[in-house]
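First the structure, in the form of structure tokens, and then the observations on it.
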Amino acid sequence: NLMTDESPRVPEMATQEVQPNETLTHLKTESDTLKTKLEEERAKLHDVELHQVAEKVDGLGQFIMKTRRTLKGHGNKVLCMDWCKDKRRIVSSSQDGKVIVWDAFTTNKEHAVTMPCTWVMACAYAPSGCAVACGGLDNKCSVYPLSLDKNENLAAKKKSVAMHTNYLSACSFTNSDMQILTSSGDGTCALWDVESGQLLQSFHGHAADVLCLDLAPSETGNTFVSGGCDKKANVWDMRSGQCIQSFETHESDINSVRYYPSGDAFASGSDDATCRLYDLRADREVAIYSKESIIFGVSSVDFSLSGRLLFGGYNDYTINVWDVLKGTRVSILFGHENRVSTLRVSPDGTAFCTGSWDHTLRV
Amino acid sequence: MKSVLFFDLAVHFSLKKNTSTMSGSSNLVTMKKVVQQLRFEASINRVKVSQAAADLQQFCMQNAMQDPLLTGVSSSTNPFRPQKVCSFL
């Protein structure tokens with residue numbers, strides 16, 4: 001047992017400083033051994049590739065997806081967006097400090113709030129549809145209840161919930177309006193009680209900024225996945241705060257993570273220009289979605305309802321649509337005039353929305 | 001315009017490359033935690049990729065018909081069909 005104080009035989013004259021360094025060396029060795037063992041265990045079960053299993057599945061035909069709505073109103077880069085559970089409202093946030101709630105059917109703006117900071121990098125709709133959360137360079141996540149009264153000043157009802165020591169990169173309500181999960185440039189994720197602002201659990205393990213997070217579908221229990229600048233995607237137990245699985249195969253920052261609809265896998269998008277699929281039960285990467293011609297980073301990913309399609313928003317202004325099972329690209333969509341920064345499929349899967357540095361959102 | 005764009009990009013990149021809060025491996029406590037975490041991760045149960053892949057595929061197939069982006073929707077049922085423009089007669 002390397003953790004007990006098994007001191008090496010040294011003459012009594014030896015200094016005390018020898019011991020901690022030796023234990024450190026033992027730990028480093030054990031760490032390396034474990035990492036190798038982890039890779040071996042994962043490799044043993046790697047008996048086939050996903051696309052090989054999917055060879056017998058029918059290929060997908062031609063996809064014609066058109067922009068149906070263009071939401072204009074932000075004065076600068078759109079950084080984040082989220083759908084309301086009612087499948088028609090959208091909240092978006094921008095570098096100009098504005099958070100806007102839209103009716104995507106009519107393209108009308110229903111609410112607008114000006115944040116005290118620029119670069120509002122994160123926003124989320126509450127499950128009830130009665131509030132939105134947002135934050136960014138202010139290092140906080142604030143919740144704004146949405147009033148039916150259009151004349152009411154939303155900023156007056158603002159509630160500061162989360163406090164980080166660096167920028168807020170992502171936020172999400174859990175399955176109620178009462179708790180919010182956040183990720184930050186300070187390298188941590190945290191779970192907060194909305195009413196009291198109390199920190200319920202913090203999640204440490206990333207070695208650099210955490211850029212994204214996604215909650216597991218409610219049927220699969222209390223876990224979430226996060227991705228960061230350390231190229232790692234971590235899966236966490238929300239109750240204990242423990243990291244239960246970790247994946248490090250990307251070659252650059254992970255900008256976006258999203259669970260597969262069954263909860264058994266998740267996809268990631270990275271600055272290394274690839275999207276990848278990680279299966280949680282096999283505990284490994286099972287697919288890479290990439291092409292030699294795609295050299296710009298992926299900013300955001302999301303699945304269609306059945307999990308067959310993976311949509312990726314890219315820094316080269318396009319959206320690439322991938323066949324998740326076969327690993328091939330089925331479509332490339334053009335329209336935005338600058339990089340796509342955020343992408344979400346609607347709750348009923350009838351559409352997906354993208355936000356871009358070109359100041360607009362498209363559905 | 002260009003200088004503004006570069007500044008924005010510089011801000012964007014500097015935001016992402018924040019300095020790490022974790023100290024290097026010279027910290028004994030940190031290393032102990034790393035080893036504990038690795039032991040935990042090494043001990044979890046795993047299934048074969050063939051099994052996991054089959055399950056992923058089965059989920060897709062079972063839900064394919066309920067996936068509007070996959071199957072397409074007719075104009076009449078599409079909530080985002082092109083907006084009709086009202087004009088005054």
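Each chain gets a letter, A, B and so on, in the order its sequence line appears, and its residues count up from 1. Just so it is clear, the values below take in all heavy atoms, side chains as well, and ignore hydrogens, waters and symmetry mates.
Side-chain contact between B:E41 and A:C243 is present, with heavy atoms from C-beta onward closer than 4.5 Å. In this structure the side chain of B:V49 never reaches within 4.5 angstrom of the side chain of A:L50, judged on heavy atoms. Side-chain contact check for B:L69 versus A:F63: every heavy-atom pair is 4.5 Å or farther apart. For the pair A:F303/B:C60, no side-chain contact is recorded, criterion being any heavy-atom separation below 4.5 Å from C-beta on. When side chains are defined from C-beta on, A:R68 counts as touching B:P82, because their heavy atoms get closer than 4.5 Å. Counting heavy atoms from C-beta on, the side chains of A:L38 and B:L38 come closer than 4.5 Å. Side-chain contact between B:V47 and A:L45 is absent, with no heavy-atom pair separated by less than 4.5 Å. For the pair B:I44 and A:D283, the minimum side-chain heavy-atom distance is below 4.5 Å.
Using a 4.5 Å cut-off between heavy atoms, A:V330 does not touch chain B at all. Using a 4.5 Å cut-off between heavy atoms, A:F105 contacts chain B through both its backbone and its side chain. Using a 4.5 Å cut-off between heavy atoms, A:L277 touches chain B through its side chain atoms alone. Of the two parts of A:D58, neither the backbone nor the side chain holds a non-hydrogen atom closer than 4.5 Å to a non-hydrogen atom of chain B. A:L60 touches chain B through its side chain: at least one heavy atom from C-beta onward sits under 4.5 Å away, while N, CA, C and O do not. There is no contact between A:A287 and chain B, counting heavy-atom distances below 4.5 Å. Only the backbone of A:K87 has a heavy atom closer than 4.5 Å to any heavy atom of chain B. For a residue to count as touching a neighbouring chain, one of its non-hydrogen atoms must lie under 4.5 Å from one of that chain's; by this rule A:L309 touches chain B with the side chain only. Both the backbone and the side chain of A:R308 come within contact range of chain B, judged by heavy atoms closer than 4.5 Å. Only the side chain of A:V57 comes within less than 4.5 Å of a heavy atom in chain B; its backbone stays farther off.
Note on B:M61, B:K33, B:Q37: by heavy-atom pairs under 4.5 Å with chain A, the leading option is B:Q37. Residue with the most contacts toward chain A among B:Q66, B:R81, B:Q51, B:Q62: B:R81 (heavy-atom pairs, distance under 4.5 Å). Between chain A and the options B:A42, B:A64, B:A53, B:A54, the largest number of non-hydrogen pairs under 4.5 Å is found for B:A53.
Minimum interatomic distance between A:R69 and B:P79 (heavy atoms only, all atoms of both residues): NH2-O, 3.9 Å.
Heavy-atom proximity under 4.5 angstrom to chain A picks out B:N78 from residues 71-78 of chain B.
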What do the steps show when you test B:F80 against A:C353 for side chain to side chain contact (heavy atoms under 4.5 Å, CB included), and what is the final call?
CA-CA 11 Å; B:F80 292 104; A:C353 177; over 6 Å; no
For B:V35 and A:L34: C-alpha separation, side-chain torsions, deciding distance, then whether side chain to side chain contact (heavy atoms under 4.5 Å, CB included) applies.
CA-CA 8 Å; B:V35 169; A:L34 283 169; 4.1 Å; yes
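Under the side chain to side chain donor-acceptor pair (under 3.5 Å) criterion, A:S246 pairs with A:N234, not counting sequence neighbours. Taking the side chain to side chain donor-acceptor pair (under 3.5 Å) definition, one finds that A:R344 meets it with nothing, sequence neighbours left out.
Applying the salt bridge (charged side-chain N to carboxylate O under 4.0 Å, His left out) test to residues at least two apart or on different chains, the pairs with a partner in residues 49-68 of chain B are A:R281-B:D55.
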